[in-house]
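On a predicted model such as this, the values are computed, not experimentally measured, just so you know. So you know, we letter chains A, B, ... as the sequences are listed, proteins then strands, and number each from 1.
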Amino acid sequence: MYLAYTLAHYFFPRHSNNHKAKLLHASTLYFLILSLVIYQVFLQALPLTGLKILGYSANIPPDKVIELTNQKRNDAGVGNLVYNPLLSSAARAKGEHMLTQDYWAHVAPDGTQPWKFFTDVGYVYRYAGENLARDFSDPTSTVDAWMASPSHKENLLSAKYKDIGVAVVEGDLGGVETTLVVQLFGSPYIDSTPAVPIASADIQGTLAPTPSPLPTETLIPTPTLQVAAAPSGDISVKPKILISPFSSTKGMSLVTIGMLLIVLVVDGFVVANKKITRIGGRTFAHLAFLGMILAIILIAQAGEIL
Amino acid sequence: MKKLAKHLKHYLPLLGILIIGGVGFVNFSYDKQFQAAIVISTALSYFVWGLIHHYLHRDLHIQVVLEYLAIAILGVVVVFSLLFGA
């Protein structure tokens with residue numbers, strides 16, 4: 001009986017809630033806001049406790065990323081990139097460097113530049129570029145995200161690049177189990193023409209290269225791709241992932257906004273039917289705004305590019 | 001329905017604001033900072049729309065202001081959690 005009363009009080013307009021579902025009262029809405037903020041603080045603080053229960057599960061084969069990249073290039077009428085194991089090694093080194101140094105950027109906090117990884121593996125380049133992605137669950141959404149960004153797309157479709165290397169590295173980044181995708185592009189320095197920087201503008205995702213001093217022909221062996229193994233220490237241990245921070249946030253948001261939309265519809269219907277006059281916002285306006293928020297929640301995907 | 005038709009000239013600009021906000025959010029999926037700016041602008045526009053609408057209808061009360069503000073903040077918090085959450 002008490003439960004029925006409480007439910008009616010929160011979900012239906014009646015005398016006990018001044019003819020407006022309690023869930024739609026400003027005080028309840030502020031309580032919901034506070035709860036969502038506290039949940040985010042909890043998720044952010046969880047890694048500090050040492051509990052390894054947050055993470056993103058992903059299945060991103062590097063060869064699929066290369067295949068999709070070449071598909072996009074074919075669609076754009078640009079020639080295929082050739083898999084280069086040196087670039088893949090460089091990509092793996094970059095990914096592992098991000099995990100061990102705990103950063104998410106093209107340039108490491110210690111100042112290590114991205115093209116250091118090219119030269120470290122012996123890839124003498126004329127042009128070089130780097131695309132990064134994290135927390136995506138599959139190769140298609142990863143490549144699509146790069147294609148949606150003008151600067152990353154420019155890297156992906158640049159005719160100046162001949163070679164490609166991709167590494168998928170898994171490990172702990174900022175206390176959360178993460179999957180990083182490192183995509184490196186290059187053109188070997190094989191002639192005596194003076195090197196030309198590929199990008200004069202400082203744009204996201206494209207790196208202005210430093211020409212290597214010695215022209216060297218790059219060996220292109222048969223492709224054999226592997227997901228990079230984490231180098232050492234705790235990043236080589238893949239803990240059991242219990243909670244995906246993004247999925248749980250998305251679920252919580254869906255429940256909150258979905259519940260409010262349902263209550264708004266019911267509330268609006270009852271008030272219109274009973275011709276109740278009350279002070280309050282317009283139901284249609286709230287429905288329209290929260291409907292847009294619901295659409296954003298539904299299309300939101302995990303993953304970030306750099 | 002009669003009430004909806006009565007407020008149509010007010011609702012059309014609101015729908016325009018929300019559609020532009022939604023389309024902008026999708027189009028700039030590669031730029032989280034810009035997406036955040038779009039969501040804040042849309043929520044602010046929605047809040048201001050509420051104030052103007054109720055002011056013109058002479059029923060602007062503090063409860064109404066707080067209600068629009070709460071829903072606008074809720075929308076921003078939800079989207080920010082997805083954009084910048086853990």
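When each of B:Leu74, B:Leu83, B:Val77 is checked for heavy-atom pairs under 4.5 Å with chain A, B:Leu74 comes out on top. Highest contact tally toward chain B, considering only A:Ala26, A:Ser27, A:Gly281, is held by A:Gly281 [criterion: heavy-atom pairs under 4.5 Å]. Between chain A and the residues B:Ala72, B:Ala70, B:Gly21, the most heavy-atom pairs under 4.5 angstrom are made by B:Ala70. Chosen from A:Ile296, A:Val37, A:Ile299, the residue pairing most often with chain B at heavy-atom distances under 4.5 Å is A:Ile296. The candidate from A:Leu36, A:Ile279, A:Leu32 with the greatest count of non-hydrogen atom pairs under 4.5 Å with chain B is A:Ile279. The candidate with the highest count of non-hydrogen atom pairs below 4.5 Å against chain B, out of A:Gly280, A:Ala300, A:Ser248, is A:Gly280. For the set B:Trp49, B:Tyr68, B:Phe28, B:Phe25, the entry with the most heavy-atom pairs within less than 4.5 Å of chain A is B:Tyr68. Options A:Pro150, A:Ser253, A:Gly291, A:Ala145 differ in how many heavy-atom pairs under 4.5 Å they form with chain B, and the most are formed by A:Pro150.
Contacts of A:Leu294 with chain B are absent, with no heavy-atom separation under 4.5 Å from either backbone or side chain. Of the atoms belonging to A:Ala295, not a single heavy atom falls under 4.5 Å from chain B. Contact annotation for B:His53: only side-chain heavy atoms (C-beta onward) come within less than 4.5 Å of a heavy atom of chain A. Only the side chain of B:Leu14 comes within less than 4.5 Å of a heavy atom of chain A; its backbone N, CA, C and O stay farther away. Contacts of A:Lys153 with chain B are absent, with no heavy-atom separation under 4.5 Å from either backbone or side chain. Using a 4.5 Å cut-off between heavy atoms, A:Leu290 touches chain B through its side chain atoms alone.
Closest approach of A:Phe246 to B:Leu82, counting heavy atoms only: CE1-O, 3.7 Å. Minimum interatomic distance between A:Ala285 and B:Tyr46 (heavy atoms only, all atoms of both residues): O-CE1, 3.7 Å.
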A:Phe289 and B:Ile17: CA distance, side-chain angles, deciding distance, side-chain contact (heavy atoms from CB on, under 4.5 Å) verdict: CA-CA 10 Å; A:Phe289 180 73; B:Ile17 289 165; over 6 Å; no
Test side-chain contact (heavy atoms from CB on, under 4.5 Å) applied to A:Gln40 and B:Phe80, step by step: CA-CA 10 Å; A:Gln40 283 307 308; B:Phe80 269 51; over 6 Å; no
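One finds the CZ atom of A:Phe284 at 8.5 Å from the CG atom of B:Leu8 (value rounded to the nearest 0.5 Å). Interatomic distance, A:Ile305 CD1 to B:Ser29 OG, rounded to the nearest 0.5 Å: 7.5 Å. Rounded to the nearest 0.5 angstrom, B:Ile20 CD1 and A:Met292 CE are separated by 11.5 Å.
Between the side chains of A:His286 and B:Glu67, at least one donor N or O sits under 3.5 Å from an acceptor N or O.
The shortest side-chain heavy-atom distance between B:Ile73 and A:Leu29 does not fall under the 4.5 Å cut-off.
Among residues 59-66 of chain B, the residues having any heavy atom closer than 4.5 Å to a heavy atom of chain A are, in sequence order, B:Asp59, B:His61, B:Val64, B:Leu66.
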